[in-house]
Amino acid sequence: MTRTSPHERSPLLRPDGTPVRVLVVDDETALADLLSMALRYEGWEVRSAGDGGEALRTAREFRPDAVVLDIMLPDLDGLAVLRRLRQVIPDVPVLFLTARDAVEDRIAGLTAGGDDYVTKPFSLEEVVARLRGLLRRAGASAARTESLLVVGDLVLDEDSHEVRRGGVSIHLTATEFELLRYLMRNPRRVLSKAQILDRVWNYDFGGQANVVELYISYLRRKIDAGRAPMIHTRRGAGYLIKPGE
């Protein structure tokens with residue numbers, strides 16, 4: 001999988017307009033350095049810690065917007081770190097790293113307050129995608145130079161989240177809005193189900209690409225109903241949006 005350049009994908013920002021902050025906690029120095037480098041490539045500010053005590057001290061000073069936390073640490077286990085971390089920053093999203101894929105580990109991590117997990121070995125792209133999803137849900141926003149996307153008579157305002165076709169307002173759910181935004185950022189370009197899953201849902205749903213078909217059908221009912229169709233299917237290839245004819 002080819003990494004997307006930050007110049008092609010807008011960096012995520014804090015509400016004050018500064019880059020999001022991520023704390024990486026792993027006692028494997030080489031892995032922590034590699035993760036930190038990948039996250040800095042996204043335009044984010046990154047700190048790292050090699051054990052639970054250092055992680056908690058850094059979190060108090062750094063105030064991260066998200067934490068990547070290894071569940072196996074030399075002093076405190078990741079679950080203990082998470083419990084103490086919640087006392088410092090109650091709502092910070094946490095992505096667990098674990099070498100164990102046992103169901104009980106996943107349940108323990110998520111029950112303790114973790115938001116997501118990846119199992120070693122993992123791809124850097126997967127970690128970045130999971131973090132982008134967590135950060136967006138926590139309120140980080142993408143930097144923009146222009147808030148309006150226009151395809152034919154369809155207008156989407158990325159700042160106000162308003163959508164209009166032919167001057168008529170269209171109400172969309174948050175997921176429908178993200179799907180339409182991705183289509184409109186790539187007019188006349190065929191986007192595969194895998195690409196849509198990666199960008200809109202932030203990672204592969206284990207092959208359940210029917211979720212894309214379902215949301216495309218939702219969009220069609222709202223965008224194309226009673227009008228010249230704009231959303232088109234290319235069988236075996238994907239979907240595209242173009243001005244109604």
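The analysis underlying the following values was restricted to heavy atoms, covering all of them including side chains, and did not include hydrogens, waters or symmetry mates.
- Residues Leu35 and Val24 meet the side-chain proximity criterion, which asks for heavy atoms closer than 4.5 Å.
- Checking side-chain atoms of Asp77 against main-chain N and O of Ala80 turns up a donor-acceptor pair under 3.5 Å.
- Using a distance-only test at 3.5 Å, with no hydrogens or angles considered, no donor-acceptor pair links the side chain of Asp116 to the main chain of Val94.
- For Gly53 against Leu76, the heavy-atom pair with the smallest separation is N-CD1, 4.5 Å.
- When side chains are defined from C-beta on, Glu213 counts as touching Tyr239, because their heavy atoms get closer than 4.5 Å.
- For the pair Ile89 and Pro64, the minimum side-chain heavy-atom distance is below 4.5 Å.
- Around CZ of Arg227, the count of heavy atoms belonging to other residues, nucleotides or ligands within 6.0 Å exceeds 12.
- Pairing each heavy atom of Thr58 with each of Ala49, the nearest pair is OG1-CB, 4.5 Å.
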Under the side-chain contact (heavy atoms from CB on, under 4.5 Å) rule, what do Leu131 and Trp44 come out as? Steps first, then yes or no, please.
CA-CA 11 Å; Leu131 278 174; Trp44 304 345; 4.0 Å; yes

Could you give me the CA-CA distance, side-chain angles and deciding distance for Asn186 and Val190, then say whether side-chain contact (heavy atoms from CB on, under 4.5 Å) is met?
CA-CA 8 Å; Asn186 298 274; Val190 177; over 6 Å; no

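- In the model, Arg220 has a side-chain atom that pairs as donor or acceptor with a side-chain atom of Thr233 under 3.5 Å.
- How far CD1 of Ile71 is from CZ of Phe96: 5.0 Å, rounded to the nearest 0.5 Å.
- Classification of Arg164 and Asp153 as a salt-bridged pair fails, no side-chain N sitting under 4.0 Å from a carboxylate O.
- Salt-bridge check for Asp115 with Arg86: passed, with a basic side-chain N closer than 4.0 Å to an acidic carboxylate O.
- Among all heavy-atom pairs drawn from Val163 and Ile223, the shortest one is CG1-CD1, 4.4 Å.
- To the nearest 0.5 Å, the span separating OG on Ser48 from CG on Asp33 amounts to 6.5 Å.
- Here the shortest heavy-atom pairing between His161 and Glu158 reads CD2-O, 3.3 Å.
- At a threshold of 4.5 Å between non-hydrogen side-chain atoms, the residues Val46 and Phe62 do not count as touching.
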Steps toward side-chain contact (heavy atoms from CB on, under 4.5 Å) verdict (Val88, Arg84):
CA-CA 7 Å; Val88 179; Arg84 298 188 189 185; over 6 Å; no

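- The shortest side-chain heavy-atom distance between Leu219 and Tyr215 does not fall under the 4.5 Å cut-off.
- A salt bridge does not link Arg221 with Glu176: none of the charged nitrogens is closer than 4.0 Å to a carboxylate oxygen.
- Atom CD1 of Ile216 sits about 5.0 Å away from atom CG of Leu183, to the nearest 0.5 Å.
- Within the 4.5 Å cutoff, the side chain of Asp27 has no heavy atoms near those of the Asp51 side chain.
- Between atom CD1 of residue Ile241 and atom CZ of residue Arg188 there is a gap of 11.0 Å, rounded to the nearest 0.5 Å.
- Linking ILVMFWY residues whenever their side-chain heavy atoms come closer than 4.5 Å, directly or via other members, places Val118 and Met37 in the same cluster.
- In this structure the side chain of Lys242 never reaches within 4.5 angstrom of the side chain of Met230, judged on heavy atoms.
- For Glu178 (side chain) and Thr175 (main-chain N/O), no donor-acceptor pair under 3.5 Å exists by modelled atom type.
- The CG atom of Leu85 lies 7.5 Å from the CG atom of Leu69; values are rounded to the nearest 0.5 Å.
- Considering all non-hydrogen atoms of both residues, Val22 and Leu39 come closest at CG1-CD1, 3.7 Å.
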Test side-chain contact (heavy atoms from CB on, under 4.5 Å) on Val68 and Leu23; report intermediate values, then the result.
CA-CA 6 Å; Val68 180; Leu23 173 60; over 6 Å; no

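- For the pair Arg132 and Glu125, the salt-bridge criterion is not met [side-chain N within less than 4.0 Å of a carboxylate O].
- Under a hydrophobic clustering in which Ile, Leu, Val, Met, Phe, Trp and Tyr are joined whenever their side-chain heavy atoms come within less than 4.5 Å, directly or via other members, Leu240 and Val150 fall into different clusters.
- Using a 4.0 Å cut-off between charged nitrogen and carboxylate oxygen, Glu126 and Arg130 count as a salt-bridge pair.
- Using a 4.0 Å cut-off between charged nitrogen and carboxylate oxygen, Glu61 and Arg47 count as a salt-bridge pair.
- Salt-bridge check for Asp224 with Arg165: passed, with a basic side-chain N closer than 4.0 Å to an acidic carboxylate O.
- Closest of all the heavy-atom pairs between Arg185 and Pro187 is C-CD, 3.4 Å.
- Residues Val151 and Val155 fail the side-chain proximity criterion, which asks for heavy atoms closer than 4.5 Å.
- Note: His171 NE2 to Phe177 CZ = 12.0 Å, rounded to the nearest 0.5 Å.
- For the pair Lys222 (side chain) and Leu172 (backbone), a donor-acceptor distance under 3.5 Å is absent.
- The cluster map of Ile, Leu, Val, Met, Phe, Trp and Tyr, joined by side-chain heavy atoms under 4.5 Å apart, puts Val168 and Leu156 in different clusters.
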